[in-house]
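Please read the structure below before turning to the comments.
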Amino acid sequence: MKYTLITGASSGIGKALSYQFASRGQNLIITARRQDELHRLREDIEEKYAVQVIAEPCDLAQEGQAENLYHQLADYDLSVLINNAGFGDFSMPWDMDLTKATRMLDLNIKALTTLSLLYTRDYADREATLINVASVGGYSVFDIAVTYCATKFFVAAFTEGLAQNLQDQGKKMRAKVIAPGPTQSEFVARSSDNGGINGDGLFAEDSFITADTLANYTWQLYDSDSTVAIVNADRRLMLKSPVYPYIRVPH
Ligand SMILES: NC(=O)c1ccc[n+]([C@@H]2O[C@H](COP(=O)([O-])OP(=O)(O)OC[C@H]3O[C@@H](n4cnc5c(N)ncnc54)[C@H](OP(=O)(O)O)[C@@H]3O)[C@@H](O)[C@H]2O)c1
């Protein structure tokens with residue numbers, strides 16, 4: 001039996017991705033910290049769709065937890081891994097809470113890289129797809145979220161590079177990156193919880209898409225031959241080739 005592993009499934013985009021992939025007949029392994037939310041989601045999805053859902057609570061920002069989670073799931077065939085868990089922070093660099101900043105690096109970069117590399121090691125020669133969730137802030141720096149954007153530059157550049165490594169070597173596994181723009185979720189509230197800049201009024205109401213639309217865009221990326229999907233200012237999906245320069249060094 002094959003499974004799609006989705007991180008950050010307890011709310012927002014990850015929750016919508018869980019419904020989207022289940023509606024396409026994929027069994028799920030869902031993870032996040034909030035156990036109750038995961039269990040409610042599991043029950044609801046299993047009631048609606050003929051798929052199996054496994055809930056694995058985990059704090060991915062804790063040292064060693066991403067690796068532990070991956071090893072706990074060693075017996076499952078993970079045909080898709082979606083690294084979606086992440087958070088932001090709206091504040092100027094000199095006002096930033098250092099604890100929040102380092103947790104952001106631990107989750108947005110370290111946990112995502114650990115899971116991606118372990119997955120690539122095991123699945124490079126199999127029919128498998130890695131989808132990493134970056135941001136439009138992974139392709140442009142926004143002044144109110146420089147540190148967050150830099151974490152997403154990492155996600156975008158790392159995933160694009162990995163995708164090209166896999167293609168160059170004729171590997172079966174695919175790696176893809178989705179870059180959402182403003183999307184309805186808990187993201188803005190969590191990015192504003194630092195007393196820095198309140199994000200409530202930052203974006204026009206009509207600049208947001210729903211998490212369900214973003215999940216549908218992610219399925220379109222999954223179903224395509226494209227490596228990159230960016231949600232543009234018109235809230236439309238743009239399927240693209242890699243954006244970052246990629247230089248092949250003789251070796
Ligand atoms: N919404 C946007 O406008 C937007 C735009 C661009 C990119 N993104 C990206 O989209 C992704 C999903 O965010 P979202 O918008 O859906 O926000 P969200 O509603 O806040 O969801 C974030 C998810 O990550 C999980 N998470 C947070 N800290 C975690 C930790 N330490 N360990 C494990 N899981 C953790 C949360 O669950 P628990 O709290 O239960 O752990 C939640 O399920 C993020 O990578 C975000 O950067 C969002």
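We count ligands from 1, going down the list as the structure has it; atoms in each ligand are counted the same way. Just so we're clear, the structure is a prediction, and the values are computed from it rather than from any experiment.
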Quiz prompt | Working for salt bridge (charged side-chain N to carboxylate O under 4.0 Å, His left out), residues Asp44 and Arg40 | solution = CA-CA 6 Å; Asp44 193 48; Arg40 259 196 291 276; over 6 Å; no
Quiz item: Distance only, no hydrogens: is a donor on one side chain within 3.5 Å (strictly under) of an acceptor on the other, for Asp122 and Tyr70?
Solution: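 There is such a pair (donor and acceptor under 3.5 Å, judged by atom type) between the side chains of Asp122 and Tyr70.
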Self-check item: Qualifying side-chain hydrogen bond (donor to acceptor under 3.5 Å, both in side chains) pairs, either residue in residues 229-245, two or more places apart
Solution: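 Sorted result for residues 229-245: empty, none.
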Exercise. Among Leu5, Ile178, Thr7, Val133, find the residue that satisfies the side chain to side chain contact (heavy atoms under 4.5 Å, CB included) test when tested with Ile82.
Key: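 That would be Val133; it is the only one of Leu5, Ile178, Thr7, Val133 passing the side chain to side chain contact (heavy atoms under 4.5 Å, CB included) with Ile82.
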Quiz prompt | Partners passing salt bridge (charged side-chain N to carboxylate O under 4.0 Å, His left out) against Asp95 (at least two apart in sequence or in another chain) | solution =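 So Asp95 forms no salt bridge (charged side-chain N to carboxylate O under 4.0 Å, His left out) with any residue.
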Would you be so kind as to tabulate the donor-acceptor pairs closer than 3.5 Å made by side chains of residues 179-190, with sequence neighbours excluded?
from, atom 1, to, atom 2, distance (Å)
Thr183, OG1, Gly181, O, 2.8
Ser185, OG, Phe187, N, 2.9
Glu186, OE1, Arg34, NH1, 3.4
Glu186, OE1, Arg34, NH2, 3.3
Glu186, OE1, Arg190, NE, 3.4
Glu186, OE1, Arg190, NH2, 2.9
Glu186, OE2, Arg34, NH1, 3.4

Quiz item: Using a threshold of 4.0 angstrom between heavy atoms of the protein and any atom of ligand 1, which residues qualify?
Solution: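 The answer is Gly8, Ala9, Ser10, Ser11, Gly12, Ile13, Ala32, Arg33, Arg34, Cys58, Asp59, Leu60, Ala61, Asn84, Ala85, Gly86, Arg103, Leu107, Val133, Ala134, Ser135, Tyr148, Lys152, Pro180, Gly181, Pro182, Thr183, Ser185, Glu186, Phe187, Arg190, counting any residue whose heavy atom sits under 4.0 Å from ligand 1.
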